[in-house]
Amino acid sequence: VVGGGPAGLMTAEVLATHGVAVTVYEHMRSVGRKFLLAGRSGLNITHSEPLDQLLTRFDPADERLVAAVRSWGPEQLQRWSASLGQPTFEGSSGRVFPEAFRATPLLRAWLRRLDALGVEIRTEQRWLGWATTDQGSADPRTSMFAPRPRPGQTQPSPTEPVASDVTVLALGGASWPRVGSDGAWVAPVRTAGVVVHELQPANCGVRVDWSALMLERFDGAPIKNLAVTVQGVSIRGAATITAGGLEGGPIYAHTAAIRHHLGQTGSCVLWLDLHPDLTREQIITRLSRRRPKDSVTTALRRTLGLPPEVIALLHEVVGTRLPHGPAELAHLIKSAPLEVRATMPIERAISTAGGVGFTELDEAFMLRSLPGNFVAGEMLDWEAPTGGYLLQGSFSTAVAAAHGALHWLAWP
Ligand SMILES: Cc1cc2nc3c(=O)[nH]c(=O)nc-3n(C[C@H](O)[C@H](O)[C@H](O)COP(=O)(O)OP(=O)(O)OC[C@H]3O[C@@H](n4cnc5c(N)ncnc54)[C@H](O)[C@@H]3O)c2cc1C
């Protein structure tokens, strides 16, 4: 098993439970670093919504991915978590978390289980690709590894080739490379002739060039209640003004549409409703109560209770003075056009879109062109919003790939 993230470790568990001798290769000093990072603000392990609805969150809803989640879904995942001493609970909006909320106790118990099953974990071993046959093609039964280069160092020479009866690749995407998922696997996998769709940021913020004044006063300020509309689809939630732009759930949820639009036209307008609890008419009525001596800013604060960061955001969007009349102001508050020209870079994204194309896989997650090699987790070409779907998809495809591997091995 190559890659010691949730997908790799789950594959290892399933294989080892069936008696297969498993070695996990991981290039960081320890496994599960992104899993631990994901748990920092609460490990949202899956979602409690009905399965049919949950399945609509995956894009593309490839039949193999759907089958994998159907056969090892939220119920199985929660039972598995409980079996490691972490029964789950349902948090806000149906999100499911382990009892400890964080990932550390779960990972610790999991590693103890893997150890008891005889799984060997070799860290600081970087997968470089498959060995090359005398004919110059990739040898599907042999992988090349080398120590992970230190920053500024070139890639050290490969160690001895490692042969295996079956290989499961679970190398993750390319977001947060400092926890290990750096996407460097794309080059060797493509060289071996496998189609890999470009890795792109998913569940990420948008870049905005704020004015110096905005940054000075509102870097880190929350916009607690807004609705973001992109191409007619509106999503409510909270956002945060950051030095680089705007982050938050409703923006993350639009990433695929924003990326698509940016790809086509080079820009994308996010329509911000900065007072989603009031209708345009209600806002006009309230603004009409403005005292004659009040400035526009004071009126927005007094009549609508808009906080300074929201008023500043309106200024940024307009670029000049705010309109004076209640109708124009109400229109702006309900649909402020924030034009963006880029998303945050993939290094800052929560997850990755793109990856190994499903066309490359058979129904058991095996690479058609490299028999005996299976792929699982985020390195596959699917994306999903936040809400526990990313881990669910990673675990489900891992279980499916492990069963595919058992079948391939004709394991009793
Ligand atoms: C800040 C943050 C918060 C998140 N929160 C949540 C959440 O609450 N809920 C949720 O569902 N999802 C969350 N996610 C997403 C979730 O963590 C990932 O979808 C999940 O970890 C993917 O699992 P994976 O095993 O496929 O890949 P990864 O976890 O990325 O694991 C891949 C492993 O492969 C190793 N590796 C990479 N290249 C090589 C190589 N060449 N050789 C050897 N080893 C290599 C990496 O070091 C890594 O250990 C979050 C992500 C981030 C960044």
Side-chain angles (χ1 to χ4, degrees), residues 1-12 23-47 54 57-58 74 77 91 95-98 101-103 106-107 121-129 143-149 155 158-159 162 167-189 199 201-205 247 249 252 344 346-353 355-356 375-380 382-399 401:
V1 175
V2 194
L9 296 179
M10 180 53 82
T11 311
T23 308
V24 176
Y25 289 84
E26 162 63 50
H27 68 163
M28 300 299 278
R29 279 202 199 144
S30 57
V31 294
R33 289 192 175 206
K34 187 178 273 182
F35 191 56
L36 292 174
L37 173 72
R40 232 189 252 173
S41 51
L43 188 72
N44 179 197
I45 206 159
T46 186
H47 203 283
L54 181 133
R57 311 292 181 186
F58 297 96
L77 181 41
R95 294 171 181 228
V96 174
F97 299 86
F101 202 50
R102 295 163 73 94
L106 187 63
L107 183 61
I121 295 182
R122 291 200 192 157
T123 54
E124 299 195 84
Q125 293 293 316
R126 184 175 178 82
W127 185 78
L128 302 178
S143 282
M144 305 299 289
F145 291 89
R148 185 166 193 256
Q155 178 62 60
T159 46
V162 174
T167 301
V168 182
L169 299 175
L171 295 159
S175 75
W176 286 79
R178 71 181 174 82
V179 291
S181 330
D182 59 13
W185 55 265
V186 171
V189 173
L199 303 188
N203 291 305
C204 66
E247 300 264 353
Y252 297 167
M344 288 295 177
I346 197 163
E347 293 78 13
R348 299 263 318 267
I350 287 182
S351 60
T352 302
V356 173
V375 185
E378 207 178 307
M379 76 181 280
L380 288 167
W382 58 275
E383 62 182 306
T386 57
Y389 310 107
L390 297 163
L391 283 170
Q392 179 67 64
S394 299
F395 280 122
S396 298
T397 54
V399 173

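Atoms within each ligand, like the ligands themselves, are counted from 1 in listed order.
Taking every non-hydrogen atom of Leu37 and a distance limit under 4.0 Å, the qualifying atoms of ligand 1 come out as 1 (C), 53 (C). When each atom of ligand 1 is checked for a heavy atom of Gly377 under 4.0 Å away, the hits are 26 (O). Distances below 4.0 Å separate heavy atoms of Gly42 from the following atoms of ligand 1: 8 (O). For ligand 1, the atoms closer than 4.0 angstrom to any heavy atom of Trp176 are 53 (C). The contact set between ligand 1 and Ala170, taken as ligand atoms under 4.0 Å from a residue heavy atom, comprises 32 (C), 33 (C), 34 (O). Close contacts between ligand 1 and Arg126 involve ligand atoms 41 (N), 42 (N) [criterion: under 4.0 Å to a heavy atom]. The contact set between ligand 1 and Met28, taken as ligand atoms under 4.0 Å from a residue heavy atom, comprises 47 (O).
Partner of Gln392 under the side-chain hydrogen bond (donor to acceptor under 3.5 Å, both in side chains) criterion, chosen from Thr46, Asn44, Thr397: Thr46. Of the candidates Val356, Leu390, Thr352, Leu390 is the only one forming a side-chain contact (heavy atoms from CB on, under 4.5 Å) with Trp382.
The aromatic rings of Phe145 and Tyr25 sit parallel to each other, their planes meeting at less than 30°, with 60° as the upper class boundary. His47 and Tyr389 have parallel rings, their planes meeting at less than 30° on a 0 to 90° scale where 60° marks the start of perpendicular.
With contacts defined as side-chain heavy-atom distances shorter than 4.5 Å, the pair Val399/Met10 qualifies. For the pair Val179/Phe35, no side-chain contact is recorded, criterion being any heavy-atom separation below 4.5 Å from C-beta on. Contact check for Arg126 versus Asp182: side-chain heavy atoms found under the 4.5 Å cut-off. In this structure, the side chains of Thr159 and Pro147 come closer than 4.5 Å at one or more pairs of heavy atoms. Looking at Pro201 and Met344, their side chains never come closer than 4.5 Å, going by heavy atoms from C-beta outward. Annotation: side chain of Leu77 is not in contact with side chain of Val96 (no heavy-atom distance under 4.5 Å).
Of all the heavy atoms of Gln125, the ones lying under 4.0 Å from any atom of ligand 1 belong exclusively to the backbone. Contacts between Trp127 and ligand 1 below 4.0 angstrom, taking non-hydrogen atoms only, involve backbone and side chain alike.
Among the atoms of His27, some N or O lies under 3.5 angstrom from an N or O of ligand 1. For the pair Trp185 and ligand 1, the shortest N or O to N or O distance does not fall below 3.5 Å. Backbone and side-chain nitrogen or oxygen atoms of Phe35 are examined, and none is located within less than 3.5 angstrom of a nitrogen or oxygen of ligand 1. An N or O contact shorter than 3.5 Å links Asn44 to ligand 1 by distance.
Summarising the contacts of atom 21 (O) of ligand 1 with Gly5, Gly3, Pro6, the nearest heavy atom is found in Pro6. Of the options Ala7, Ala103, Gly4, the smallest heavy-atom separation from atom 24 (P) of ligand 1 is shown by Ala7. Across the listed options Glu124, Glu378, Glu383, Glu378 owns the non-hydrogen atom lying nearest to atom 22 (C) of ligand 1. Summarising the contacts of atom 5 (N) of ligand 1 with Pro385, Gly355, Ala38, the nearest heavy atom is found in Ala38.
What you find for Ala353 and Ala202 is that their closest heavy atoms are N-CB, 3.9 Å. Between Trp127 and Ser143, the shortest heavy-atom contact is NE1-OG, 2.9 Å.
Ranking the protein heavy atoms by distance from atom 16 (C) of ligand 1 puts Leu391 CD2, 4.1 Å first. Closest to atom 27 (O) of ligand 1, if we only count protein heavy atoms, is Gly172 CA, 3.3 Å. Nearest protein neighbour of atom 30 (O) of ligand 1, counting heavy atoms only, is Ser181 OG, 2.6 Å. With respect to atom 39 (C) of ligand 1, the closest heavy atom belonging to the protein is Leu171 CD2, 3.3 Å. For atom 48 (C) of ligand 1, the closest non-hydrogen atom on the protein side is Glu26 OE1, 3.4 Å. Ranking protein heavy atoms by distance to atom 52 (C) of ligand 1, first place goes to Ile350 O, 3.7 Å.
A distance-only check finds a donor-acceptor pair linking the side chain of Ser175 to the backbone of Ile350 [under 3.5 Å].
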| query | Under the side-chain hydrogen bond (donor to acceptor under 3.5 Å, both in side chains) criterion, do Asn203 and Thr386 qualify, and how do the steps go? | reply | CA-CA 7 Å; Asn203 291 305; Thr386 57; 4.7 Å; no

